[in-house]
Q: 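Can you read through this structure? Questions will come right after.
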Amino acid sequence: MFELRDRDGFGRLGRLATPHGTVETPALLPVVHPDPGRQGIPPGELFERFGIRMAITSSYLLYRDPALRPRAEELGLHRFLGFPGTLMTDSGAFQQHSEGTVSVSPAEILRFQTRVGSDVATVLDVFGEPADSWQQAEAAVEETLRRAREARELRGVSLLAVPVQGGLHPDLRARSARGGAPFADIQAVGGIVPLLERYRFTELVRVLAAVRPHLAPEKPVHLFGVGHPMLFALGALWGGDLFDSASYHKFALRETLLFPEGSLPLADVQEEICGCALCREVPLVGLSQRSVEERQLHLARHNLDQCLREIARVRQAIRDGTLWELAERRAGGHPALYDALEATEGSGQLFLPVEPYSRRTFRFVSPLSLSRPTLLRWSAGLERYGRDRGPRHRVRGRPLSPEALRAAPPLGPEGPEDPTLWVVPTPLGEVPLELTEIYPVGPSLLRAGPRLELPPPEAPGPGSGGPVDRAEGWTLRHVLGLLEWVWGRSLREQLVRERLRPVHSRATGRLRRVLRDGASLLEVGLDGLPHLTFQGGAFLQPHLPYPSGRVVASQEASAFVAEGRTLFSRHVQEADPGCVPGSPVLVVDASDRLLAVGRAVLAAGEMARWERGAAVRVTAHAPAPGPGGSDTSK
Ligand code: GUN
Ligand code: ZN
């Protein structure tokens with residue numbers, strides 16, 4: 001039902017399959033009023049002109065309208081609204097917030113939603129207000145869970161959205177998320193509209209931080225009422241897959257333009273600031289001459305278009321691994337949003353289990369960039385690397401090409417294992433010379449730096465050999481440093497005496513691959529990190545204690561994986577708990593026989609939970625049995 005295609009932060013590029021089509025997520029679900037007289041942009045236009053594939057309407061407003069309800073029951077929701085895509089229905093909890101009460105039973109409104117053919121029915125939750133006491137919030141959470149259990153039986157063919165409540169109480173938010181997961185096809189974070197309306201985004205982030213670790217990792221997450229385009233990057237970063245909102249319409253009624261950078265009253269617009277297709281057709285500056293209806297409809301279309309453009313940017317950013325950058329740029333739009341992102345980065349530890357192994361490049365956007373989770377992992381890694389090593393000497397410089405390394409500081413009698421750390425100042429702090437090609441530093445951050453300079457004369461010389469030896473010693477140190485960085489110091493210690501032969505790129509001078517006895521063990525990517533060959537996996541395996549570096553495939557999948565096919569999530573039995581998306585992994589069977597090597601798609605804690613989709617993309621597999629029938633992988 002929900003399939004993961006790509007990811008960044010907690011953000012996911014997903015596919016949600018419903019009886020009325022497949023929805024690419026993250027997606028914005030425009031709120032459609034069930035009363036055609038109050039709709040603004042007609043639902044058919046949402047589908048045809050804007051390409052909207054999923055929308056949301058209120059089953060409660062429909063249910064309680066004696067003129068509309070019988071028609072909806074007769075025609076079914078899709079024909080009634082004139083929207084052929086996926087329709088989600090809300091339950092009336094929002095009216096409890098805005099009107100004080102709801103006058104329908106939870107079972108009745110759920111049956112109504114399934115009766116009219118809603119693709120996603122929502123449990124009638126008890127709306128938790130931010131000011132609710134712990135006792136009030138607990139009662140709302142428990143009652144919502146009771147209704148969710150009941151709704152699971154009543155849902156028919158509709159998917160079920162189960163709201164998460166709990167007000168501003170982190171423990172109750174966690175309980176609500178955990179307790180609702182078994183009944184939910186979609187988990188929907190509720191009770192946040194009052195925070196959104198008052199720009200209390202930091203509290204929103206606290207809610208999301210309390211909720212996210214307790215949601216089922218394989219289920220789509222809906223954020224109720226997140227509809228301002230400036231919030232989509234932040235919302236997606238926290239794992240929002242579906243956003244719903246009437247903002248595009250409500251802001252239009254207030255004659256206000258939405259942009260991902262913020263909102264702007266039409267009255268303040270003196271220049272043609274928008275180049276969207278709609279505003280090219282009907283220039284903003286002339287809009288005041290038009291009738292109110294025309295003006296508001298134009299603004300609603302512009303606003304929706306801005307929302308969709310921003311959702312598209314979020315999706316692109318997830319593909320590119322630049323979602324943090326996008327969120328940081330958006331945080332510049334409003335101080336409250338900046339604070340919220342600061343609070344997000346303050347919760348960076350939460351992101352580490354799913355934080356990608358590497359990205360294309362690291363780009364600074366704002367002072368917040370220095371708190372991204374990737375830098376938490378990086379500094380923890382540097383700390384580990386520096387342990388029991390020293391003294392430290394500062395050198396200035398960059399490439400690790402053999403030519404440059406002839407000028408590198410002389411190594412002591414221990415050669416590559418010299419405990420001295422020669423560190424290079426980088427925008428991300430001091431980095432041991434042998435690690436400077438690795439993401440997030442790498443050439444893009446070092447490009448501006450000067451070439452390697454000779455070490456200070458007081459650096460010791462014995463055993464340092466001539467310049468060629470020196471380059472060899474450093475090159476080996478580079479390789480060992482890389483292996484230690486990825487698989488730990490114990491692996492390095494076991495491999496010190498191996499005859500590892502580095503190969504550098506002629507064009508760039510960068511380390512490209514590492515050979516042993518003529519066979520390539522690993523290739524080094526542009527991120528400075530290793531991709532294992534099958535021989536490399538077979539070589540490393542005995543040096544890595546089980547289940548370190550491994551993902552264990554089920555018996556059923558083993559033969560397929562050994563032929564180079566993808567390892568699917570449902571066939572994972574166990575995984576190294578340190579495995580994150582993008583980690584290089586050995587795929588083994590239950591008896592630890594190496595089947596293939598590849599890159600993890602999911603984090604360890606997510607594997608086996610997704611019913612569909614890949615857990616490991618296999619990049620090399622066991623050689624086919626030779627003519628004699630012997631398996632060369634053994
Ligand atoms: N719409 C906005 N907020 C909420 C909420 O908390 N629950 C439901 N069901 N709908 C909402
Ligand atoms: Zn526009």
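Atoms within a ligand are numbered from 1 in the order they appear, just like the ligands themselves.
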Q: Going by the order shown, which atoms of ligand 1 are within less than 4.0 Å of some heavy atom of D90?
A: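 Checking each atom against D90, I get 1 (N), 8 (C), 9 (N), 10 (N), 11 (C).
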
Q: What protein N, O or S atoms come within a distance below 2.8 Å of the Zn ion (ligand 2), ordered by chain and number?
A: C274 SG, C276 SG, C279 SG, H302 ND1

Q: Check each heavy atom of Q165 against ligand 1 and say whether those closer than 4.0 Å belong to the side chain, the backbone, both or neither.
A: side chain

Q: Who passes ring-ring contact (aromatic ring centres under 6.0 Å, His included) against H214, sequence neighbours left out?
A: none

Q: Quick one: list whatever passes side-chain hydrogen bond (donor to acceptor under 3.5 Å, both in side chains) with R173, sequence neighbours left out.
A: none

Q: Can you sort out which atoms of ligand 1 are near A93, meaning under 4.0 Å from one of its heavy atoms?
A: 7 (N), 8 (C), 9 (N)

Q: Looking just at side-chain N and O atoms, do H249 and N303 make a donor-acceptor pair shorter than 3.5 Å?
A: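 No, N303 and H249 have no side-chain donor paired with an acceptor closer than 3.5 Å.
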
Q: Taking salt bridge (Lys or Arg N to Asp or Glu O under 4.0 Å) as the criterion, tell me which of K219, R5, R12 meets it with D241.
A: R12

Q: Would you mind checking if R147 and E150 are paired as a salt bridge, meaning a charged N to carboxylate O distance below 4.0 Å?
A: no

Q: Kindly write out the residues that satisfy side-chain contact (heavy atoms from CB on, under 4.5 Å) with V282, not counting sequence neighbours, or none if the list is empty.
A: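 If we apply the side-chain contact (heavy atoms from CB on, under 4.5 Å) test to V282, skipping adjacent residues, the hits are L287, R290, H298.
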
Q: Counting only N and O atoms by type, is there a donor-acceptor contact under 3.5 Å from the side chain of S176 to the main-chain atoms of Q165?
A: yes

Q: May I ask you to identify the nearest protein heavy atom to atom 7 (N) of ligand 1, giving residue, atom name and distance to one decimal place in Å?
A: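 Here the nearest protein heavy atom works out to D125 OD2, 2.7 Å.
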
Q: Starting from atom 2 (C) of ligand 1, what is the nearest protein heavy atom, named by residue and atom, and what distance separates them?
A: F94 CD1, 3.3 Å

Q: To the nearest 0.5 Å, what is the distance between OG (S91) and OH (Y63)?
A: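 That separation rounds to 13.5 Å.
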
Q: Identify, by atom number and element, the atoms of ligand 1 in contact range of G191, meaning under 4.0 Å from any of its heavy atoms.
A: 5 (C), 6 (O)

Q: Quick check on contacts: which atoms of ligand 1 are under 4.0 angstrom from a heavy atom of F127?
A: 3 (N), 4 (C), 5 (C), 6 (O)

Q: Give a yes or no on whether the backbone of M88 and the side-chain of S118 come within a donor-acceptor separation of less than 3.5 Å.
A: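 Looks like no, no N/O pair under 3.5 Å.
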
Q: So which atom in P220 and which in D185 form the shortest heavy-atom distance, rounded to 0.1 Å?
A: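 Shortest heavy-atom separation between P220 and D185 comes out as CD-O, 3.3 Å.
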
Q: If you count the atoms of ligand 1 from 1 in the order shown, which ones are under 4.0 Å from a heavy atom of S91?
A: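 Near S91, the atoms of ligand 1 are 9 (N).
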
Q: Could you list which atoms of ligand 1 come closer than 4.0 Å to a heavy atom of G190?
A: 5 (C), 6 (O)

Q: Assign the ring pair H78 / H20 to parallel, tilted or perpendicular, where the plane angle (0 to 90°) is split at 30° and 60°.
A: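 Parallel, since the angle between the ring planes stays under 30°.
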
Q: Run the numbers for me: atoms of ligand 1, each under 4.0 Å from some heavy atom of V193, listed by number.
A: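 Once the distances to V193 are compared, the set is 2 (C), 3 (N).
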
